Amino acid sequence: MTIPGRAPSLGEAAAYDKAAITQTLAQCALLKGLSDQEVAEVADLAHARAFPAQTDIFAEGEPCRALWILASGRVRLYHSAADGRQQVVSFRSPVMSLELGPALDGRAFTATATALDDVVMVIIPRATLLTIEQRFPTTVRNVIDQLCQELRQRDISTAVASLKDARGRIGCALLQLAFQYGAPSGNGLRIAYRLTRQDVADISGVTLETAIRALSDMQRQGIIRTQAQIIEIVDVDGLRGPTQCDDCQFDCSVFVPSRRNGTH
DNA sequence: TCATTAACCGTCG
DNA sequence: CGACGGTTAATGA
């Protein structure tokens with residue numbers, strides 16, 4: 001898979017024109033099957049907006065008025081608790097939609113979205129989604145496919161969260177990140193993404209110290225290697241041991257992308 | 001600010 | 001009881 005490109009500067013983002021929007025939309029799974037001409041028509045109904053790194057794009061609970069598609073940069077989707085703890089729902093990379101469900105039903109966002117880099121979003125107002133659906137019926141099927149996939153991932157996440165212990169959850173998180181951001185590196189996979197220990201903890205639903213303990217153990221066992229917040233999975237199979245992927249009974253589409261690669 | 005370690009403590013199987 | 005994991009504190013990079 002390709003690694004998300006560097007975030008453009010704000011200047012570039014400001015210059016995000018129709019051609020750039022069209023190019024983004026052309027890669028978006030929701031518009032799969034449309035001709036170039038048709039994608040360009042959709043692009044006419046969309047606009048772009050830039051967000052600097054570390055700013056919120058929208059917050060949990062706010063009404064959703066548009067479909068948000070990530071054109072460049074990375075976004076963290078998460079729930080936050082009053083005590084400062086966060087539960088990361090997912091990291092989004094180009095060209096994914098954020099919060100497709102709320103975009104469709106118009107109800108509140110279910111999570112907060114924060115830009116991790118300078119980010120460009122392509123925005124399609126909800127009012128025009130109906131037009132697009134009617135004009136291009138293929139998109140309805142695409143939306144269903146996408147929703148099903150998201151539902152699957154959430155389902156797996158909740159199962160993992162409730163059935164696995166801390167090590168299993170952390171291992172699961174690492175494998176998922178490797179799937180999303182992993183670049184081949186020697187025998188293993190390098191998660192091409194700076195992650196603090198706190199990030200790993202927030203994804204896995206454990207405390208910082210537990211995340212450190214687990215990662216240190218894995219490092220001692222030679223399963224992973226870390227340097228400057230970059231985690232490299234040296235021994236992918238070794239990670240599946242503590243993660244207990246072997247008797248994982250979920251059809252884990254998280255780790256088996258589009259093709260049929262067999263289950264893990 | 002981030003990472004690490006260690007001591008301590010409560011829960012649960 | 002003992003493993004697990006959260007809490008707290010101290011320390012170093």
Side-chain angles (χ1 to χ4, degrees), chain A residues 3-4 6-7 10 51-57 59 73-93 111-119 154-178 180-183 185-186 188-250 252 254 264:
Chain A
I3 300 170
R6 311 266 331 146
L10 290 180
F51 293 85
Q54 311 304 327
T55 56
D56 279 2
I57 296 168
R74 297 167 311 198
V75 170
R76 174 209 281 255
L77 271 183
Y78 62 96
H79 302 292
S80 48
D83 63 4
R85 289 178 48 122
Q86 296 186 344
Q87 172 64 53
V88 170
V89 176
S90 79
F91 289 102
R92 313 300 269 173
S93 42
T112 301
T114 296
L116 295 171
D117 313 301
D118 290 345
V119 149
R154 302 270 181 132
D155 181 55
I156 291 165
S157 295
T158 57
V160 165
S162 60
L163 295 180
K164 287 184 187 293
D165 60 12
R167 282 187 161 60
R169 296 205 295 274
I170 291 165
C172 221
L174 291 182
L175 287 171
Q176 182 177 151
L177 287 164
Q180 190 172 2
Y181 296 107
S185 156
L189 283 170
R190 202 171 48 89
I191 299 173
Y193 190 145
R194 278 170 58 102
L195 283 173
T196 66
R197 298 291 189 255
Q198 184 69 61
D199 285 331
V200 174
D202 289 342
I203 300 165
S204 310
V206 299
T207 60
L208 169 63
E209 288 76 11
T210 297
I212 289 172
R213 273 201 282 235
L215 290 175
S216 296
D217 284 350
M218 292 176 189
Q219 210 159 353
R220 266 189 289 275
Q221 293 163 26
I223 294 171
I224 63 171
R225 204 182 310 156
T226 71
Q227 26 132 23
Q229 297 182 330
I230 298 287
I231 299 173
E232 180 182 345
I233 302 175
V234 180
D235 180 1
V236 176
D237 291 330
L239 186 54
R240 294 186 176 182
T243 308
Q244 294 172 330
C245 274
D246 292 334
D247 36 308
C248 186
Q249 40 209 339
F250 317 117
C252 200
V254 175
H264 66 288

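All figures in this text were calculated on a predicted structure; none of them were measured in a lab. So you know, we letter chains A, B, ... as the sequences are listed, proteins then strands, and number each from 1.
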What about R169(A): does its side chain form a donor-acceptor pair under 3.5 Å with the base of dG5(C)?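 Checked by distance alone, the answer is no.
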
Figure out the [atom1]/[atom2] separation between [X] and [N], and round it to whole Å.
X	N	atom1	atom2	result
I212(A)	dG12(C)	CD1	P	16 Å
R197(A)	dA13(C)	CZ	P	16 Å
K164(A)	dG5(C)	NZ	P	13 Å
E209(A)	dT7(C)	CD	C1'	8 Å
I170(A)	dC4(C)	CD1	P	13 Å
D165(A)	dG5(C)	CG	C1'	10 Å
R85(A)	dG5(C)	CZ	C1'	11 Å

Can you see which heavy atom on K164(A) is nearest to which on C172(A), and at what distance?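 Here K164(A) and C172(A) meet closest at CE-SG, 4.3 Å.
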
Quick one: pull up OG1 in T226(A) and CD in E232(A) and give me the separation to the nearest 0.5 Å.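 It comes to 10.0 Å.
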
Counting distance only, does the side-chain N/O of [X] pair as donor-acceptor with the main-chain N or O of [Y] below 3.5 Å?
X	Y	answer
Q180(A)	F91(A)	yes
T196(A)	D199(A)	yes
T55(A)	F51(A)	no

5' precedence on DNA chain B between S216(A) and Q229(A) (nearest-nucleotide basis):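 This one resolves to Q229(A).
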
Should T210(A) be listed as having a side-chain N or O under 4.0 Å from OP1 or OP2 of dG5(C)?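 No, outside the criterion.
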
Hey, where on DNA chain B does chain A first and last touch, going 5' to 3'? Cut-off is any atom under 4.0 Å from a heavy atom.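 The protein-touched segment is dC2(B) to dA7(B).
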
Ion pair check, D202(A) and R76(A), cut-off under 4.0 Å: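 Salt bridge between D202(A) and R76(A), a charged N being under 4.0 Å from a carboxylate O: yes.
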
